[in-house]
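So you know, we letter chains A, B, ... as the sequences are listed, proteins then strands, and number each from 1.
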Number of protein chains: 2
Amino acid sequence: MAVTIKDVAKRAGVSLSTVSLVLNNKQNVSEETRLKVNQAIEDLKFHPRRHARGLASKRSGNIGFILTDDHFSRAEPFYTKIFLGTEFEARKFDYYILLTTVSKTFKSGGPVPRFLLEANVDGVIFAGKVALGLVEHVQKLGIPCVLVDYAFKNDGLSCILIDNVQGIRQAITHLIKKGHRKIAFIGGEINHPSINDRLLGYKEALKENHIYVDEALISTDELYTGRNDGFRATERLLERGVEFTALLASNDTMAIGAIQCLRQNGLDVPAQVAVVGFDDIEAGLHVEPHLTTVRVEKEELGAVALRRLMEMIETGRVIYGRTLIPVRLILRGSTND
Amino acid sequence: MAVTIKDVAKRAGVSLSTVSLVLNNKQNVSEETRLKVNQAIEDLKFHPRRHARGLASKRSGNIGFILTDDHFSRAEPFYTKIFLGTEFEARKFDYYILLTTVSKTFKSGGPVPRFLLEANVDGVIFAGKVALGLVEHVQKLGIPCVLVDYAFKNDGLSCILIDNVQGIRQAITHLIKKGHRKIAFIGGEINHPSINDRLLGYKEALKENHIYVDEALISTDELYTGRNDGFRATERLLERGVEFTALLASNDTMAIGAIQCLRQNGLDVPAQVAVVGFDDIEAGLHVEPHLTTVRVEKEELGAVALRRLMEMIETGRVIYGRTLIPVRLILRGSTND
DNA sequence: GTGAAAGCGCTAACAT
DNA sequence: ATGTTAGCGCTTTCAC
């Protein structure tokens with residue numbers, strides 16, 4: 001019933017293998033036959049069966065996309081957008097993405113995604129924080145993998161990361177340009193690589209601008225990075241009685257909490273304190289004044305990860321190292337821009 | 001290298017086909033051999049190759065999950081959770097979900113998801129509003145499909161829907177029990193089936209309780225259902241000068257907008273106006289007082305849809321009709337509970 | 001109840 | 001540059 005490579009071959013007047021060669025863009029096919037075959041493919045609206053291909057070629061045509069359940073269910077569609085970037089990019093390679101979540105509390109020896117058991121993926125993308133054990137499991141299986149928005153300390157891994165330091169530098173530079181010298185920093189979950197990088201970026205950027213890094217202006221004791229954490233981190237700052245005219249938050253949600261706290265303490269934003277966030281989430285436009293922030297191209301993260309993975313699959317080589325995705329400062333009301 | 005059905009057969013001392021029969025839970029296998037085979041499968045940690053299966057059985061082992069890009073990228077992870085419910089349930093059937101988005105502005109003749117072209121899915125789930133043309137396209141292909149959280153007027157389709165009427169009835173009943181008689185309703189995007197049902201439910205529930213349905217208490221002219229729309233819809237209500245002690249919103253985001261509007265107009269929630277939403281989104285816990293609302297089990301919607309689809313695939317029959325997923329009123333501060 | 005054998009649609013040597 | 005052939009790993013008649 002369905003049209004197969006055989007029909008195409010017949011119509012084009014060539015053999016099965018020639019059609020296959022054309023299909024897979026292999027060399028050694030004369031331009032003439034290639035055209036003939038492609039014409040036949042088009043005429044017959046032929047689409048190769050994935051399962052047949054997979055069986056014959058030992059490649060699945062699938063990429064596994066793994067994230068933790070809590071990441072995926074978050075209100076902010078950060079990882080959703082990364083996934084979308086990946087899925088969209090995968091279309092160009094004619095690959096499918098198998099999305100699955102693992103428990104946040106995954107531990108080695110626990111249940112692993114089915115596609116790993118069935119050897120049904122040619123590569124794996126991990127998005128966000130994942131258990132090291134799972135990553136190692138995939139590596140042991142010999143399946144190429146790429147991490148997005150997360151990294152481990154000692155890695156022979158491929159990681160696609162936000163350029164946190166650069167983003168913070170842009171923010172600091174801008175604040176300084178606007179005359180700010182006393183710039184506070186709030187953060188939470190400080191052992192998360194991204195957050196940690198942002199704090200490092202803050203210190204570096206200040207030093208570069210010859211501004212003394214005052215530890216009293218740094219509040220990073222909260223365990224998480226939610227709005228309430230931003231509120232409390234700011235409270236701590238205020239309790240210390242140390243003066244500041246600008247506040248950099250490790251992310252937008254904390255920045256929003258910070259604005260609430262500042263306002264509740266009678267401080268006007270941006271008149272008395274300018275506030276800058278990081279991530280550019282939608283909620284930043286739901287506060288008044290709108291939040292100045294560092295925009296992260298989430299789709300781009302996903303797309304780059306997919307491309308990296310495809311490269312690894314196609315060349316059969318492991319590509320190490322971190323790739324930083326550039327970010328951009330978005331100026332809005334919270335810094336009086 | 002990888003263990004195949006052949007290895008299992010050898011180890012169990014049976015033929016290939018017997019292993020296959022066991023694998024597929026077919027009858028006519030003695031309990032004894034079944035045990036032997038299963039033991040061998042376990043010993044060898046055998047997992048059948050999907051592609052081999054798919055090629056031989058003409059079934060893909062995949063389900064397509066289609067939603068519009070804007071639905072998927074929404075801040076509120078409503079459809080994300082539906083997807084999660086589907087994916088989780090699919091594991092029980094050993095099926096994979098191929099998630100893809102289509103443009104909101106999809107029109108017939110436009111590009112369709114690849115898995116449809118490649119015949120790489122055995123069934124399709126549509127989540128949320130989709131173009132009728134796409135649904136019809138899938139039907140013409142003879143691929144079973146199920147809609148979740150959306151329906152068309154004249155359908156020979158299978159739809160899994162929120163029990164909107166029942167949800168509203170619970171809310172109204174509760175409000176009446178608390179002494180409210182003048183209950184307003186705000187809504188947006190009124191031609192959306194869910195919203196429309198909620199309005200219908202509102203009218204029905206009032207009638208059942210012998211309360212006159214005052215059109216002046218109904219404000220449903222907004223085009224969308226966001227917070228701002230809730231704000232404006234409430235404003236219109238107030239401008240009319242009509243009195244009410246309770247307000248039912250067609251969804252939580254509008255309810256949150258309503259609370260803002262009421263408060264801005266000097267009305268206390270819940271003292272002067274009780275507010276009830278619908279959906280039970282997280283943001284309902286981020287407002288003060290916390291929002292009383294109707295909880296929708298999103299994962300359940302997805303799981304039921306998957307089960308329905310599997311039934312259609314396994315029986316080969318199309319199952320028509322709408323299935324309503326029960327909802328539950330969650331009492332919180334906005335109704336003084 | 002179990003086994004033998006054909007074949008699903010394609011890829012990848014190997015020939016030519 | 002193109003054709004021939006042998007599988008990939010499983011399911012599925014059809015015998016026995």
Side-chain angles (χ1 to χ4, degrees), chain A residues 1-38 40-41 44-62 94 115 117-120 122 313-314 316, chain B residues 1-38 40-41 44-62 94-96 115 117-120 122 313-314 316:
Chain A
M1 182 213 139
V3 30
T4 76
I5 202 175
K6 219 169 164 177
D7 304 312
V8 176
K10 200 175 292 170
R11 176 161 189 125
V14 298
S15 74
L16 298 188
S17 47
T18 304
V19 178
S20 178
L21 290 178
V22 173
L23 239 38
N24 295 285
N25 285 311
K26 300 274 167 96
Q27 52 272 340
N28 292 337
V29 182
S30 73
E31 198 50 36
E32 196 192 332
T33 24
R34 187 183 298 279
L35 248 52
K36 263 196 308 189
V37 171
N38 279 326
I41 288 175
L44 300 170
K45 293 189 196 314
F46 167 73
H47 292 275
R49 295 313 166 75
R50 202 147 269 271
H51 288 314
R53 268 193 140 157
L55 187 56
S57 69
K58 317 279 260 167
R59 274 186 284 104
S60 69
N62 296 326
D94 198 27
F115 52 60
L117 297 173
E118 296 189 354
N120 197 22
D122 302 335
I313 291 170
E314 282 167 6
Chain B
M1 180 211 141
V3 30
T4 77
I5 203 175
K6 216 167 165 179
D7 304 312
V8 176
K10 199 175 292 170
R11 176 161 190 126
V14 297
S15 75
L16 298 189
S17 43
T18 304
V19 178
S20 179
L21 291 178
V22 173
L23 239 38
N24 295 286
N25 286 311
K26 298 277 165 94
Q27 54 272 340
N28 291 339
V29 181
S30 72
E31 197 51 36
E32 196 193 333
T33 20
R34 186 184 297 279
L35 248 52
K36 262 196 311 190
V37 171
N38 278 328
I41 288 175
L44 299 171
K45 293 190 198 313
F46 168 71
H47 292 276
R49 293 314 172 71
R50 206 152 265 272
H51 288 314
R53 271 194 136 157
L55 186 56
S57 70
K58 315 284 253 166
R59 275 185 285 104
S60 69
N62 296 326
D94 198 27
Y95 257 79
Y96 284 106
F115 52 61
L117 298 173
E118 296 190 354
N120 197 22
D122 303 335
I313 292 170
E314 281 166 8

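- Heavy atoms of A:V19 sit nowhere under 4.0 angstrom from any nucleic acid atom.
- Computed from coordinates, the B:H47 NE2 to D:dC10 P distance equals 12 Å when rounded to whole Å.
- Atom CZ of B:R59 is separated from atom C1' of D:dC10 by 12 Å (rounded to the nearest Å).
- Annotation: the span from A:L21 atom CG to A:T33 atom OG1 amounts to 9.5 Å, rounded to 0.5 Å.
- When each of B:L21 and A:K6 is assigned the nucleotide of DNA chain C bearing its nearest heavy atom, the one mapping closer to the 5' terminus is B:L21.
- B:N120 and B:S60 share no donor-acceptor pair across their side chains, judged by distance under 3.5 Å alone.
- As rounded to whole Å, 14 Å separates atom C1' of C:dC8 from atom CG of A:D7.
- Between the P atom of C:dG9 and the CG atom of A:L44 lies a distance of 15 Å, rounded to the nearest Å.
- Between the CD1 atom of B:I41 and the C1' atom of D:dG9 there is a distance of 14 Å, rounded to whole Å.
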Original post:
Yes or no on side-chain contact (heavy atoms from CB on, under 4.5 Å) for B:N62 and A:R50, after CA distance, side-chain angles and deciding distance?
Top reply: CA-CA 11 Å; B:N62 296 326; A:R50 202 147 269 271; over 6 Å; no
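- Here D:dT12 is the nucleotide among C:dG1, D:dC10, D:dT12 with the atom lying nearest to any side-chain atom of B:S20.
- Out of D:dC10, D:dG3, C:dC10, the shortest distance to the side chain of B:R53 is found at D:dC10.
- Side-chain atoms of A:S17 and base atoms of D:dT5 include no donor and acceptor less than 3.5 Å apart.
- When distances are taken from the side chain of B:T18 to each of C:dG3, D:dT2, C:dG1, the shortest belongs to C:dG3.
- Here D:dT4 presents its P atom at 14 Å from NZ of A:K10, a figure rounded to the nearest Å.
- Looking at A:S57, its side chain does come within 3.5 Å of a backbone N or O of A:R53 through a donor-acceptor pair.
- By the 4.5 Å heavy-atom criterion applied to side chains, A:K10 and A:V19 are not counted as neighbours.
- Residue B:K26 has a polar side-chain atom (N or O) positioned under 4.0 Å from OP1 or OP2 of D:dT12.
- In this entry the distance linking CG of A:L35 with P of D:dA1 reads 16 Å, nearest Å.
- If you check C:dA12, C:dC10, C:dG1 against the side chain of B:T33, the one that comes closest is C:dG1.
- For A:A56, the listed nucleotide lying nearest its side chain is D:dG7; candidates were D:dT12, C:dT2, D:dG7.
- Of the candidate nucleotides D:dG3, D:dA1, C:dC10, D:dA1 has the atom lying nearest to any side-chain atom of A:N28.
- At the phosphate of D:dG7, neither OP1 nor OP2 sits under 4.0 Å from any side-chain N or O atom of A:K58.
- Atom pair A:H51:NE2 and D:dT11:C1' shows a separation of 13 Å (rounding to whole Å applied).
- Taking side-chain N and O atoms only, A:N24 has a distance below 4.0 Å to OP1 or OP2 of C:dT11.
- Residues passing the side chain to side chain donor-acceptor pair (under 3.5 Å) test with B:D7: none are found, sequence neighbours excluded.
- The side chain of A:S15 contributes an N or O atom lying less than 4.0 Å from OP1 or OP2 of D:dG3.
- The side chain of B:I5 has D:dC10 as its nearest neighbour among C:dT11, C:dC10, D:dC10.
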